Amino acid sequence: MSTDWMSHLRRLFGRDKPIAASPESVAHCIETAAPNAFQALRDELDAFVERVEVYRDDGEIGILIQPDADADPFTYIVSARTLRVPNFAFPEINVAEDEARRFRAEVHVNGNRERKNVADWSEEALIRDVLTTYEEHVAWDAA
């Protein structure tokens, strides 16, 4: 039995749950995990779809899947994002600059931001999420 999902489960609900992703985990996701996952998908999907591309831009990596010329393309992009923690509720509390930021590797599907931080996900988890999200996209288009 694979323990990959069990470690993910422990991280989500256990005591070792990270409060926020580190800048290093976001960089690893954008520079290594996501490109490797998307490349593996591209290599396999190339035999099944008319167009599949992996592309990079500054701080993001994406995969485009288009089964045929008549279908709308599906895009799944992982982008680095830094958020400032709001301090308007208690402005008198001074928070160190490094504690005032949160880091995320966010997913955008077809231009829409998903509520996912995939910074600590494995390549396998990213591949599964792309395929699951693509399956939902195809089901939605067919409806």
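These numbers were taken from a predicted model, which means no experiment stands behind them.
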All heavy atoms of P67 vs all of Y134, minimum pair found to be CG-OH, 3.4 Å
Find out whether I61 and Y55 are in side-chain contact, i.e. whether some heavy atom of one side chain is under 4.5 Å from a heavy atom of the other. no
Begin from the C-alpha positions of E31 and R56 and carry the test side-chain contact (heavy atoms from CB on, under 4.5 Å) through to its verdict. CA-CA 10 Å; E31 298 301 322; R56 277 186 178 276; 3.8 Å; yes
Any donor-acceptor N/O pair, D129 side chain to A125 backbone, under 3.5 Å: no
Any chain of hydrophobic side-chain contacts (each under 4.5 Å) joining V118 to I77? no
Rounded to the nearest 0.5 Å, how far does CD1 of I65 lie from CG of L41? 6.5 Å
If you define the side chain from C-beta out and look only at heavy atoms, does anything of H137 sit under 4.5 Å from N110? yes
Minimum heavy-atom distance A119-V26, with the two atoms named: CB-CG2, 3.9 Å
Count the heavy atoms of every other residue, nucleotide or ligand shown that sit under 6.0 Å from CD of E44, and state whether that count exceeds 12. no
Does this structure show an ion pair linking E124 with R128, if we count only N-O contacts that are shorter than 4.0 Å? yes
Approximate separation, where rounding is to 0.5 Å, of Y76 OH and T132 OG1: 9.0 Å
Shortest non-hydrogen contact from E123 to A33? CG-O, 3.4 Å
Which distance, rounded to the nearest 0.5 Å, do you find between the CG of D58 and the OG of S79? 11.0 Å
Measuring only between side-chain heavy atoms, which start at C-beta, is V78 closer than 4.5 Å to C29? yes
Where is the tightest heavy-atom contact between A80 and I30, given as atom of each residue plus distance? N-CD1, 3.8 Å
Chi angles and distances behind the salt bridge (Lys or Arg N to Asp or Glu O under 4.0 Å) call for E60, R81: CA-CA 9 Å; E60 67 182 33; R81 186 162 184 213; over 6 Å; no
Heavy-atom distance under 4.5 Å between the side chains of I63 and T75, does that happen here? no
Exercise: identify the closest heavy-atom pair between A37 and L126: CB-CB, 4.0 Å
Less than 4.5 Å apart, side chain to side chain, heavy atoms only: is that true for R51 and L64? yes
Atom of N117, atom of R104 and distance for their closest heavy-atom approach: OD1-CA, 3.4 Å
Does the side chain of T133 reach to within under 4.5 Å of the side chain of F74, using non-hydrogen atoms? yes
side-chain contact (heavy atoms from CB on, under 4.5 Å) evaluation trace for V130 with I127: CA-CA 5 Å; V130 171; I127 289 170; 5.9 Å; no
With a 4.5 Å heavy-atom cut-off, do K116 and W121 have their side chains touching? yes
Apply side-chain hydrogen bond (donor to acceptor under 3.5 Å, both in side chains) to H28 and list each qualifying residue two or more places apart in sequence or on a separate chain. none
Student check: side-chain heavy atoms of R113 and H108 closer than 4.5 Å: yes
